[in-house]
Amino acid sequence: MRSDREAPTEGEIGMLREKARHIRLETIRLIEIAKVGHYSSVFSCAEIFAALYYDVMRLRPGEPQWPDRDRFLMGKGHAAVGLFPVLADHGFIDRELLDGYTRLGSPLGDHPDMSKVPGVDFSSGSIGHALSNGVGMAVGGRMNGRDFNVFVLLGDGEMQEGQVWEAALFAAHNRLSRLIAIVDRNGYQLDGKVDDVMGVESLKDKWQAFGWEVHEVDGHNLSELTALLRRLRADQARGKPACVIARTVKGKGVSYMETEPGWHLGYLAPQDAQSAVDEILSREI
C-alpha cells in the first residue's frame, strides 16, 4: 500500500499516461456524435483528469454517492465531454450512455448536470461559481465530521470573475485545508489570449495574497503533477487551502490545435478526426 507522499512509480505514470490518451480519444469520438464540441479545453486538462480520478482522489467504483468520497467540481464545465468517459470507467454511469452523447433524451450534455449524471458533484457552465460551491462542500464536510477533500478545477479565464476571489477570501479566512483549487493555466479563453482580454498575472502572487498555499507545476508532467497532488491531499497540517497553478497547452496532443486558439469550440471532419487520433496514438505527451 503506497503512502500518499510517495512519488508515483514508472508503472503508475505509464498507466496515467494511457488514461490521459483515452480521455483525448474519447473526446474526439463523442464530439463526432455531437457534431460540435470543446476539444482543446479538454486536451489541456486531460492529465489533470487522469491524475485526480485514477490516482489521487478517494473514490469507490460504482458508488458515486459514497459520503466520504472526495469531491470534484469543474468551473470550466465545457470540458465535461472529457469527464464523462472517466465517470463510465468508474462505474458511475453506464458506458452505453456515451454513445448517445448530447442526443435527445441523453443525460450527457455539453456541460455536466448533477441532477442527471451520477458522479457529477456540481452542475457547471456558468463560469465563476465552482469555487464558491467547493467552499460550501468543504465547510459542510468539516461540520459533519467527514474527512473528504474537495478539488475544484478552474479555467484561467475564470480568474476574471469576482466571485472566485470572494470564495478565495472566505476559504482562507476559514482555513479550509481540505480544499484544493487547480487552475488550468492554458493561456486562452473563448475570446482569445486570457491576458489580452483581461490580464490575470501574477496568479501566484494573487493567490498567496489571498491567504492560500500556492504551487506551480507543468500540468502535462504526470510525475510532477501526481506527486504534488498526492502531497496536498495528504497534508492537512498546512492549515490553509491550496492552489495549484497548472501550466498547460490548450489543445495539447494535436499539433495544429496547440497553435490555433479557434479550436476552443469546433468540429473535425471524419478525415481530420482520424488524423488527430493517429497523432494522439503515436505521440508521447
Side-chain angles (χ1 to χ4, degrees), residues 15-16 18-31 33-34 37-38 41-103 105-127 129-138 140-141 144 146-155 178-182 184 225-226 229-230 233:
M15 178 273 292
L16 294 175
E18 287 304 313
K19 294 299 184 182
R21 179 177 285 118
H22 173 70
I23 290 166
R24 290 187 171 92
L25 294 174
E26 280 292 272
T27 295
I28 292 174
R29 184 178 77 86
L30 297 188
I31 292 178
I33 297 170
H38 298 84
S41 298
V42 175
F43 292 175
S44 68
C45 62
E47 280 74 30
I48 297 172
F49 281 157
L52 286 174
Y53 272 89
Y54 297 100
D55 187 282
V56 176
M57 290 173 60
R58 184 173 62 178
L59 303 166
R60 284 182 178 174
E63 296 186 36
Q65 297 302 321
W66 178 41
D68 289 321
R69 71 191 184 281
D70 285 343
R71 271 59 168 177
F72 176 73
L73 299 86
M74 184 165 52
K76 47 178 288 180
H78 50 281
V81 63
L83 178 64
F84 294 145
V86 176
L87 299 182
D89 271 359
H90 283 73
F92 294 165
I93 62 174
D94 291 334
R95 192 170 298 277
E96 291 74 17
L97 285 177
L98 299 175
D99 298 333
Y101 171 66
T102 71
R103 299 302 84 190
S106 172
L108 308 181
D110 193 46
H111 292 74
D113 187 334
M114 64 186 293
S115 70
K116 297 178 180 179
V117 186
V120 171
D121 290 313
F122 175 61
S123 302
S124 56
S126 183
I127 298 299
H129 302 310
L131 188 60
S132 293
N133 281 269
V135 164
M137 290 180 187
N144 289 302
R146 301 288 185 184
D147 64 353
F148 59 77
N149 284 261
V150 181
F151 295 88
V152 183
L153 176 63
L154 305 166
R178 291 194 177 276
L179 178 65
I180 300 168
I182 304 168
D184 183 6
L225 176 66
T226 306
L229 291 173
R230 283 183 180 183
R233 192 198 181 286

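These figures come from a predicted structure and were not determined experimentally.
Screening Arg60, Arg178, Arg146 for a salt bridge (charged side-chain N to carboxylate O under 4.0 Å, His left out) with Asp68, the sole residue that qualifies is Arg146. Only one option out of Leu153, Val86, Leu59 pairs with Phe72 in a side-chain contact (heavy atoms from CB on, under 4.5 Å); it is Leu153.
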Trace of the side chain to side chain contact (heavy atoms under 4.5 Å, CB included) decision for Asn149 with Val56
CA-CA 10 Å; Asn149 284 261; Val56 176; over 6 Å; no
Give the C-alpha distance, both sets of side-chain angles, the deciding distance and a yes or no for ring pair (Phe, Tyr, Trp, His ring centres under 6.0 Å) between His90 and Tyr54.
CA-CA 9 Å; His90 283 73; Tyr54 297 100; 5.3 Å; yes
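Side-chain contact between Leu30 and Thr102 is absent, with no heavy atoms from C-beta onward closer than 4.5 Å. Contact of the Asp89 side chain with the Tyr53 side chain is not registered, since no non-hydrogen atoms from C-beta on lie closer than 4.5 Å. The closest side-chain heavy-atom distance from Phe49 to Leu16 is not below 4.5 Å. Side-chain contact check for Leu229 versus Ile182: some heavy-atom pair is nearer than 4.5 Å. Inter-residue side-chain proximity for Phe148 and Trp66 is flagged as unmet; no heavy-atom pair is nearer than 4.5 Å. Looking at heavy atoms from C-beta onward, Ile48 lies in side-chain contact with Leu225 at the 4.5 angstrom threshold. At least one side-chain heavy atom of Phe151 sits under 4.5 Å from a side-chain heavy atom of Arg233. In this structure, Lys76 and Cys45 have side chains that are in contact, with non-hydrogen atoms separated by less than 4.5 Å.
Salt bridge annotation for Arg29-Asp99: present, with a cationic side-chain nitrogen under 4.0 angstrom from a carboxylate oxygen.
Minimum heavy-atom separation, Leu87 to Pro118: CD1-O, 3.9 Å. For the residue pair Pro112 and Val120, the shortest heavy atom distance occurs at CB-CG1, 3.7 Å. The two residues Pro107 and Lys116 have their closest heavy-atom pair at CB-O, 3.6 Å. Residue Leu98 comes nearest to Ala88 through the heavy atom pair CD1-CB, 4.0 Å, listed as atom of the first residue, atom of the second, then distance. Contact record, His111 with Ser124: CB-O, 3.3 Å, taken as the closest heavy-atom pair. Across Gly134 and Val152, no two heavy atoms sit closer than the pair CA-CG2, 4.1 Å.
Remark: Met74 CE to Asp121 CG distance equals 10.5 Å, nearest 0.5 Å. Rounded to the nearest 0.5 angstrom, Arg21 CZ and Leu25 CG are separated by 7.5 Å. To the nearest 0.5 Å, atom OG1 of residue Thr27 and atom OH of residue Tyr101 are 8.5 Å apart. Atom CD of residue Glu26 and atom CD1 of residue Ile31 lie 11.0 Å apart, to the nearest 0.5 angstrom. The structure places NE2 of His78 at 9.0 Å from CG of Asp110, a figure rounded to the nearest 0.5 Å.
Arg71 places a side-chain N or O within 3.5 Å of a backbone atom of Arg69 that can act as its donor or acceptor partner. The closest donor-acceptor contact from the side chain of Asp70 to the backbone of Arg58 lies under 3.5 Å.
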